[in-house]
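Counting begins at 1 with the first residue of the sequence.
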Amino acid sequence: RPVPDSAFLCRFGPRGGWFGGCTFSRVILSAFSAARRSAFVAGVALPVVVGAFGAQAQSLGNSPYSRLGIGEPTAGAGLVRNQGMGGTGVAAPTSLYTNEINPALNWHTKYVTFDVGITGQLKDLKTSSQEQRTGNATLGYFALALPIRPRWGAVIGLRPLSTTSFENRTEIGVANDPAGRVEVQYKGEGGLSQAYMSHGYRIVGGLSAGLEASYVFGSIETTTSTRVLAATNAGASSERSVLLDRRRYGDFLFRGALAYEQKLTSGATLTAGAVTQFGTDLSVMRRRGVERRSVTAADEVLESLLLSDSVRSRSTLPASYTVGFGLTNATNTRSIAIEASSQAWSQFRADGRAQRSLGDAWRVAVGGEWTPDPASVESYFRRVTYRTGLYAGQTGWLDRDGTALRDAGVTWGFALPLGKVSTFEGATLQTSFAYGQRGFNSDVAVRETYVRGQIGIAFSSIWFVKRRIE
């Protein structure tokens with residue numbers, strides 16, 4: 001019968017103690033095993049999680065720039081492991097967790113792994129005259145990695161693609177009325193998610209290829225409302241006029257990937273990887289209307305008029321490219337990765353029209369992880385995996401002077417083994433944190449300082465093992 005390698009067994013520690021075969025770990029892993037045997041993941045979990053993603057905007061707080069394009073691209077990259085390493089992963093293979101960033105590395109999957117995470121963020125928004133603090137937490141992702149053959153692995157999962165969450169107000173004057181003031185409010189909420197399946201196959205030697213197909217779904221609603229605050233012959237109005245624009249997205253998106261791994265004389269492995277997300281035209285159903293709402297009655301709709309309904313249009317999503325290199329030592333206890341990515345948001349089109357405040361984006365990142373001694377019995381903390389990384393880049397947003405806004409930060413995280421309930425099942429609690437700034441290179445843009453955290457749990461198991469001894 002197949003027997004897990006020593007790295008897997010040591011990963012989850014010996015029996016006994018809170019972190020080794022403890023009651024908490026047994027309960028979690030037993031529940032996972034029972035759920036698996038009853039096809040819970042396929043029959044119940046997927047519809048529930050899809051519904052959760054579809055029902056919420058996945059917002060992490062007010063983001064003024066999310067009014068552009070399809071919203072703000074998902075913060076960070078990959079799963080908890082990747083985010084703790086600066087968002088790297090295109091050339092950082094693993095057999096213990098899900099290879100989410102580079103599908104070509106899926107063939108490394110040795111165990112059935114269920115990965116789920118929650119993301120939270122606190123953010124400080126600042127201009128020369130105003131400051132706001134905002135934040136939120138939301139379901140981050142879920143992924144199920146499956147080993148199909150020794151050379152072939154697959155992943156199915158759900159992750160956010162972008163979020164839209166902004167609200168700002170301004171006051172403008174009224175022509176031919178020196179005393180007139182009008183309040184204009186811009187507001188948007190929603191988000192897009194991806195339900196995806198990816199496959200990775202080792203072709204020959206160290207060369208592998210992968211392909212991912214995903215279905216993009218979600219909606220974004222924006223409103224522009226006006227209200228008279230003062231006029232020469234009248235006071236503040238008790239009503240506001242609102243223009244609504246709701247866009248519902250639904251279409252397929254594809255990614256292609258390659259990886260090459262070369263064993264060095266020292267025993268270390270050098271990995272090169274490349275991933276392309278192909279450009280596509282997303283199908284959009286658009287609905288527009290006008291409403292008259294009460295200011296004093298909690299925004300009660302007094303009158304509504306539908307301007308257009310179920311109008312089909314397209315949004316052009318530009319292609320993205322990521323390349324990277326990674327180095328892992330002979331014992332798989334230390335690894336480092338560096339990568340670069342780009343996406344030409346200047347090529348984005350909505351209804352065939354470009355957006356002047358969008359430019360080209362790029363990002364570079366470096367990260368690594370270290371496990372002092374995966375087989376340590378004396379010290380639990382020597383079995384913990386420690387991660388850190390740095391990233392810097394240019395967002396796809398331009399300020400009113402045409403300056404592309406920069407984004408930079410530092411990340412760190414941990415993988416905490418929770419123990420094992422049997423030879424073939426184990427779990428790991430993972431955390432990642434990021435501290436960064438966006439818009440720091442502009443004097444006229446909103447500067448964002450954020451702290452982002454993510455916590456996730458990965459269940460690993462070997463399925464379809466025929467028991468010889470009961």
- Item | With sequence neighbours excluded, residues passing side chain to side chain contact (heavy atoms under 4.5 Å, CB included) with Ala257 |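 Once residues adjacent in sequence are excluded, the partners of Ala257 under the side chain to side chain contact (heavy atoms under 4.5 Å, CB included) criterion are Asn102, Pro103, Ala104, Val275.
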
- Can you list the residues that meet the side chain to side chain contact (heavy atoms under 4.5 Å, CB included) rule with Ile118, with sequence neighbours excluded?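 By the side chain to side chain contact (heavy atoms under 4.5 Å, CB included) rule, Ile118 matches Ile455.
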
Does atom [atom1] ([X]) have a neighbourhood of more than 12 heavy atoms from anything else shown, all under 6.0 Å?
| X | atom1 | answer |
| --- | --- | --- |
| Arg133 | CZ | no |
| Arg151 | CZ | yes |
| Phe433 | CZ | yes |
| Trp152 | CH2 | no |
| Glu171 | CD | yes |
| Phe325 | CZ | no |

- Do the side-chain N and O atoms of Arg240 and Ser225 include a donor-acceptor pair separated by under 3.5 angstrom?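 Their side chains do contain a donor-acceptor pair, which is all the 3.5 Å distance test asks for.
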
- Distance-only side-chain donor-acceptor flag, Ser313 / Asp351, under 3.5 Å: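 Result is yes, a qualifying pair exists.
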
- Query: Partners of Tyr65 by ring pair (Phe, Tyr, Trp, His ring centres under 6.0 Å), sequence neighbours excluded?
  - Reply: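 Ring pair (Phe, Tyr, Trp, His ring centres under 6.0 Å) check on Tyr65 returns Trp397.
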
- Query: To the nearest 0.5 Å, what is the distance between NZ (Lys110) and OG1 (Thr94)?
  - Reply: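 So the gap between those two atoms works out to 9.5 Å.
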
- Task: Side-chain contact test, heavy atoms from C-beta onward, threshold under 4.5 Å: evaluate it for Tyr215 versus Phe252 and give yes or no.
- Result: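 Yes, their side chains come closer than 4.5 Å.
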
- Is the shortest heavy-atom distance from the side chain of Thr222 to the side chain of Phe166 under 4.5 Å?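 In contact.
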
- Does a salt bridge link Arg202 with Glu261, judged by any charged N lying under 4.0 Å from a carboxylate O?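 No, no charged N to carboxylate O under 4.0 Å.
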
